[in-house]
2 protein chains.
Amino acid sequence: MTQTARKNVAEKIASTLRTAIVKGRLQPGDALPSERELAEKYDVNRSSVREAMKRLEAWGLVKIRQGGATRVADLLLDAGLGLVPALIEAGGEMGMGIMRDLHEVRGLLLGWGAEQAAKKADAASMARLEELAKQLADPKAKAAQLQQLDYDFFQELMLISGNQLLTLLSRVVRDVYFQGAERFLPLYRSDVFDPKHHRRAVMAIRARDAQAASDAMRAHAASALALLEEKAR
Amino acid sequence: MTQTARKNVAEKIASTLRTAIVKGRLQPGDALPSERELAEKYDVNRSSVREAMKRLEAWGLVKIRQGGATRVADLLLDAGLGLVPALIEAGGEMGMGIMRDLHEVRGLLLGWGAEQAAKKADAASMARLEELAKQLADPKAKAAQLQQLDYDFFQELMLISGNQLLTLLSRVVRDVYFQGAERFLPLYRSDVFDPKHHRRAVMAIRARDAQAASDAMRAHAASALALLEEKAR
DNA sequence: GTCAGCTAACTGGTCGGACCAGTTATGACC
DNA sequence: GGTCATAACTGGTCCGACCAGTTAGCTGAC
């Protein structure tokens, strides 16, 4: 339990139970203790426990039924993205796996977004992308700044694609991403980060070359992933 | 206000406010009435209002700060996927747009999933895919069954890909999808639904032809999208 | 008049205790 | 042994109080 200082009571309880579920101490189908019992156990009011329960339900980790007990949901069937922070937190192989997956998804979306941008970026968007690429090439930039810029670039592509669902989705990716942000920071150290992919992508988008743009961004994600796996060894 | 009969009190309030926000009656930055005021207005207890607020916060629609007012978040910056049901519900152009986007994302994921499956499907997964393809080709199947099978096929591909994040994501896609399920139902009527893409994909996966598999599933999504847009006219 | 600083009137967060509304297991009755 | 009412659970909602931050307005020094 590190760094849970500033959390709500409900938040603490929710993340405690989430961890218990993810780590398998609570199995799918198991009934959770009743709200009243949990309230007593954690020495908080039942309202707070209820709030925690609602959160777990929103994450798809439990199923609540009035009258019946609250039970752990079948993770494979019902868990949503709310599970991810717990997976990352769990660390080890599990955490590594999910971070690998995250980069894979990012690569997929980046490639598609670049392709779309090549087809329909307007002058204003084009200018924003170029500005971002320029800042990414700044040798004096700090790793954290580069990380942020890289995300901004990603988001700009999603916006250009005009797909609202993906724009919303990129928000989720961001939350997951910056959750374990410091783990990704080494990827942006000045001696390893190379802005060439972004530069190539911007040029391709300007030239309306969808294939090249897509390839460039995929390459970016792939190289990040390769670095990450190298680090893991 | 139709069909809100079986909802929780909190759920009703949350979706009412969500609609207000999505439709722009409440602008980003605007302060919501205080919890006490809302409780009085809707003639419910403050606890219920609080629950609704927590839900809106989880959706990224509002920002809650102890001491300060609860304010509408900047949708472009903070809203997550929880916004989607409201967009669909809003109907009209907006709803149509989001459904179009949904199919686009589905196509992207289907294509990628099929590609991955061609690379790493094992015998058991292969068998499941074939079984699903067979059932999809059943001329006696009802539209709703076909729709479910189509989703199952999608999910199986996500599972095969081994990407946990995408598996979780497909859960979200499912929720969005079956939310407005009846709107998609016409796509599965026996006189329009054609299982050939699934058949082609399965054959390609068996032959380990990633490109062909990907193309087949992309074609499936594209044709569904085309049908959808034709219907909209 | 201007501005710092205090205070009062907000906001959301937590509490406890009550009662309503469903579910489930018990046990008397047939 | 099977059935069915009911008691003892579960979560859902309510009330009213107080704690803990924020904000705005007032006061007073300059």
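Numbered from 1 within each chain, the chains take letters A, B, ... in sequence-line order.
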Worksheet item: Of Gly68(A) and Ser48(A), whose nearest nucleotide on DNA chain C comes first from the 5' end?
Response: Ser48(A)
Practice prompt. Would you indicate, yes or no, if dG12(D) has its OP1 or OP2 atom less than 4.0 angstrom from a side-chain nitrogen or oxygen of Ser47(B)?
Written response: no
Discussion item. Please determine whether a side-chain nitrogen of the Lys or Arg among Arg100(B) and Glu104(B) lies less than 4.0 Å from a carboxylate oxygen of the Asp or Glu.
Written reply: yes
Discussion item. Please classify the nucleic acid contact of Glu37(B) as base, sugar-phosphate, or nothing, using heavy-atom distances under 4.0 Å.
Written reply: sugar-phosphate
Worksheet item: dC15(C) P sits how many Å from Asp43(A) CG, rounded?
Response: 8 Å
Practice prompt. Check whether the side chain of Arg36(A) and the base of dG11(D) form a donor-acceptor pair under 3.5 Å.
Written response: yes
Item to complete: From the options dG13(C), dG22(C), dC14(D), select the nucleotide whose nearest atom is closest to the side chain of Val44(B).
Response: dC14(D)
Fill in: For atom OH of Tyr42(B) and atom C1' of dC14(D), their distance in whole Å
19 Å
Worksheet entry | Geometric class of the Phe184(B)/His103(B) ring pair [parallel <30°, tilted 30-60°, perpendicular >60°] | tilted
Worksheet item: Base, sugar-phosphate, or nothing: which does Ser34(B) touch, judged by heavy atoms less than 4.0 Å apart?
Response: sugar-phosphate
Discussion item. Quick check for you: among dC19(C), dT23(D), dT14(C), whose closest atom lies nearest to any side-chain atom of Val9(A)?
Written reply: dT14(C)
Worksheet, complete the sentence: Whole-Å distance, Ile64(B) CD1 to dT14(C) C1', equals 15 Å
Worksheet entry | Protein-nucleotide distance (Glu35(B), atom CD; dT13(D), atom C1'), rounded to Å | 16 Å
Worksheet entry | Between dC14(D) (C1') and Ile13(B) (CD1): distance, integer Å | 13 Å
Discussion item. Measure CD/Glu40(A) against C1'/dG17(C) and give the value in whole Å, please.
Written reply: 14 Å
Worksheet item: Out of dT10(D), dC15(C), dT11(C), which has the shortest distance to the side chain of Asn45(A)?
Response: dC15(C)
Item to complete: Check the pair Asp122(B), Ser125(B) against side chain to side chain donor-acceptor pair (under 3.5 Å), reporting the backbone distance first and the verdict last.
Response: CA-CA 5 Å; Asp122(B) 58 19; Ser125(B) 315; 2.6 Å; yes
Worksheet item: Can you tell which of dC14(D), dT13(D), dG12(C) lies closest to the side chain of Thr70(B)?
Response: dG12(C)
Item to complete: Would you kindly give the CZ-to-P distance between Arg65(B) and dG12(C), to the nearest whole Å?
Response: 11 Å
Worksheet, complete the sentence: Side-chain contact check for Arg46(B): nearest option of dG11(D), dG13(C), dC15(D) is dG13(C)
Fill in: Integer-rounded Å distance: dC10(C) C1' and Gln66(B) CD
13 Å
Worksheet item: Looking at Lys54(B) and Glu51(A), does any basic side-chain N land under 4.0 Å from a carboxylate oxygen?
Response: yes
Discussion item. Check this for me: does any side-chain nitrogen of one of Arg25(B) and Asp30(B) sit under 4.0 Å from a carboxylate oxygen of the other?
Written reply: no
